[in-house]
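Input: a single structure, listed below in C-alpha cells.
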There are 2 protein chains.
Amino acid sequence: MDAAVVMRKFNRFYARCIGVLVEPHLDTGRPLGPSRVLFEVGPDGVRVADMRRRLGLDSGYLSRLLRRLQHEGLVTVTPDPTDGRQRVVHLTPAGRHERHHLDRKSEESGRRLVGSLSERRQTELATALTTAERLLRAATVDVDIVDPRSPQARSALAQYFGELDDRFPNGFDPGDDGAASTVLRAPGGAFVIMHSDGVAFGCGGVQRIDEVTGEIKRMWISPDWRRLGLGARLLTGLENTARELGYTCVVLDTNATLVEAIAMYERAGYRPIERYNDNPYAQRWFTKDL
Amino acid sequence: MDAAVVMRKFNRFYARCIGVLVEPHLDTGRPLGPSRVLFEVGPDGVRVADMRRRLGLDSGYLSRLLRRLQHEGLVTVTPDPTDGRQRVVHLTPAGRHERHHLDRKSEESGRRLVGSLSERRQTELATALTTAERLLRAATVDVDIVDPRSPQARSALAQYFGELDDRFPNGFDPGDDGAASTVLRAPGGAFVIMHSDGVAFGCGGVQRIDEVTGEIKRMWISPDWRRLGLGARLLTGLENTARELGYTCVVLDTNATLVEAIAMYERAGYRPIERYNDNPYAQRWFTKDL
DNA sequence: CACGGTCGCTGACCTTAGTCAGCGACCGGT
DNA sequence: ACCGGTCGCTGACTAAGGTCAGCGACCGTG
C-alpha cells in the first residue's frame, strides 16, 4: 500500500465530502473567505501579518475580508501599540458568538454525516482521522526562525524547561534565561521553532562559540510529537541554520538522562568529545562537521 | 473522542493540505473544473447526463467545461447512438495521456508530502486514510433506483449470483435472469443499487406478490463492505421503496447458509413464516408489516 | 534625520465557478 | 402525428477568490 497513492485516492474522495462539510457556512450569508478569517483570529487576537502568513492570503485581499467582518461588527482592527505599522485583530463579543455558532453548526453537519454509523464505527473513524491528522501534521511541519523573546518561543522554552525540571534528578534552573536567550539571535545565533498552524511543538537554538563553531542549544520536541522523526528534522534544520551563519562545525551538550536525544545525535553522525563548557547539567558533549 | 468534533478538526486542518495537493493542477494551465471532468470520463467513456449527476454540476456549466476540453483535443463528445438526445464523452489518446500525466504529478506531490515520514509512518498513514475513507464512504453511501438491465445493476447482480454459486452447497443457477429482472421495475417493482462515486457495492429489488404484498429479492452487499451496517440501511431503503409502491407488507426468502442475512432480518423485525413460494434455493421465509 | 524596508490599505483588474431562462433536437407513449 | 418530457447547448449574469501596482504611515539603523 503506497501512501502517496492512498493520499491521492483519499483526496479525490474527500473533495466531495467537503461540499457537505462546507455547507453550514453557506446559510450564514457569508462566503467562506471571511469565515476562515474569523476562525483564525482566535480568542487572544492576532496580528494581521501573522494571519496573512498563516492563511497564505494576499495583503489586499485580507484587508478587504477584515473590513467586511469589521463592518458586520464581528471583529475590531486596532493598531498594535508596540509597532505602529502593524494592526491587531480581535473578536468582538458578537464575533465570538458568531464563531461559536458556526462551530456548532459545523459540528452538527459532521454529526449528520457520521450519524448513520454505529457508535463503534464512529470511534474507529475518529481514531483513523486523528492518526491521519497527526501524521500529516508531522509531515508538513514548518520550521521558522523567530525571535527567542517572542511569545511562541517563550512558550516553547517554558515547556522545555518544565520538562527538564521534571526529568533531571535535582531539577533544573534556567537561570537568567532572558539574557541567555539574547545570544540566540542574529548575528552569530538563531532560534527556530517547529510548528503546525501556529502551534509550536518544538524548538531549538544556535549560538556562537567561536569564529567557526556554533553550539546547538535548547533543542526540544513536545512529548506529544515524539517518535515521528521530528527531532532529526529539527536537528537538520539547526545544522542548516548554523551553516548559513557561517559555522563549519557544531557542538552540543546534553544530560545523560536524555537517552532518546543521545541516540538521535549518534544516528545523525555526532561524535562524543570531551567537556568543552562548564554547564553544570551537561554530562555528554558531541560535535559534528557541517 | 467525539467523531463529529474530530471531523471538524480534521476538516479544518485538511483544508490547508488541499492547497498542496491541488497544486499539480495549477501548472497545467487548466483550472480545477476541467480537470475534475477529465478524471470523471474514465477509460470507457461516459454519458454527459451521468457525469453531471455524479459531479453535481449544472448542465450549462458542464457543457462549457466539455467544450473547453474538446477544444484542447482531450475528449470527443459524440451523440449516443441509442438515444439521440444524449451525448457520450470519450478520452482521446491525448486526453488519456494528459490524465495519466496529471495522475503522476498528483501522486508525486503526495509523495513529496509524505516523503519526510519514515516507511513505517507512511504505512500507518495509508492505513488510517484507507480506514477513514472506507467509513466515510459507508456513511455517505447513495441508494438509487435504477433499471435492473442497466450496466451498474447487471454488474452488481453478476457479483451476487457469483457469490451464491460459491456459497450454496450445490451452486446456484440464476435461470433466465433477464426475464426475472423485468419484474423488478415499475409498476409494482423496483431495483435499487447502493453505491459511492458510481461504484456499486450493494443492490436489492422489490417485486409484486399481490395487491398489498411486495417481495424483497436479490439483496446483496459486496463482501468488502460488510459489517458496516449497510445491509440494514439497504433493507430500510427497500422497505421504503415497497411502501412507496403501495405495499403494506413485505415478504422475503433466503437460504439457510446466509446466516448474517438471517440475523439481520431478525434484528430488523422480520418474523419467520411458512414457505410461500417454490424457490428451490429457499429454506427460510420471513415477513414484516410496513 | 535620512534611508531602506515593512505594514496595511486602496483601486483596478482578472479568472473561476456557478446559476438561470430559454431553445431546438429528440424520445416514448398514445 | 402529437404531446409531455428529457437532453444538451447557449447567452446573460453573478459572486467569490485572488492578483498587482502603488501609496502613505511607520520602524530600526547608521
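To find a chain, count down the sequence lines: A is the first, B the second, and so on, and within it residues start at 1.
The interatomic distance linking A/Arg67 (CZ) with C/dC9 (P) rounds to 8 Å, in whole Å. Here the P atom of nucleotide D/dG18 and the CG atom of A/Leu32 are 10 Å apart, to the nearest Å. As a whole-Å value, the separation of B/Leu62 CG from D/dC9 P is 8 Å. Rounded to a whole Å, the CZ atom of B/Arg36 is 12 Å from the C1' atom of C/dG18. Per the geometry, CZ belonging to A/Arg47 stands 15 Å off P belonging to C/dT6, to the nearest Å. Summarising the geometry, the separation between OH on B/Tyr61 and P on C/dT19 is reported as 9 Å, rounded to the nearest angstrom. Distance CG (A/Asp80) to P (D/dA25): 19 Å, rounded to an integer number of Å. B/Arg87 has its CZ atom 13 Å from the C1' atom of C/dC26, to the nearest Å.
Counting distance only, with no hydrogens placed and no angle test, the side-chain atoms of A/Arg64 and the base atoms of C/dG8 include no donor-acceptor pair under 3.5 Å.
Set against C/dG8, D/dC9, D/dC7, the side chain of B/Ser63 has D/dC9 as its closest nucleotide.
Taking the nucleotide of DNA chain C with the nearest heavy atom to each of A/Val77 and A/Arg85, the more 5' of the two is matched to A/Arg85. If A/Leu65 and A/Asp83 are placed on DNA chain D by their nearest nucleotide, the residue sitting closer to the 5' end is A/Leu65.
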Is there a side chain to side chain donor-acceptor pair (under 3.5 Å) between A/Asn11 and A/Arg8? Walk through the geometry before answering. CA-CA 5 Å; A/Asn11 196 47; A/Arg8 174 161 51 102; over 6 Å; no

Step-by-step salt bridge (Lys or Arg N to Asp or Glu O under 4.0 Å) determination, A/Arg137 to A/Glu133: CA-CA 6 Å; A/Arg137 276 194 194 277; A/Glu133 181 180 333; 3.1 Å; yes

Determine, stepwise, if the pair B/Leu129 / A/Leu129 fulfils side chain to side chain contact (heavy atoms under 4.5 Å, CB included). CA-CA 7 Å; B/Leu129 287 178; A/Leu129 287 178; 5.9 Å; no

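For the contact set between residues 49-58 of chain B and DNA chain D, defined by any heavy atom under 4.0 Å, the members are B/Ala49, B/Arg52.
Within the 4.5 Å cutoff, no side-chain heavy atoms of A/Arg99 are placed close to those of A/Arg96. Two residues are said to be in side-chain contact when any heavy atoms from C-beta on lie closer than 4.5 Å; B/Met7 and A/Leu113 meet this criterion.
Checking each of A/Glu98, A/His100, A/Arg104 against A/Leu102 for a side chain to side chain contact (heavy atoms under 4.5 Å, CB included) leaves exactly one that passes, namely A/Glu98.
With hydrogens and angles disregarded, no donor-acceptor distance shorter than 3.5 Å links the side chain of A/Arg111 to the backbone of B/Ala4.
If you check every strand for non-hydrogen atoms under 4.0 Å, B/Gly60 touches a base.
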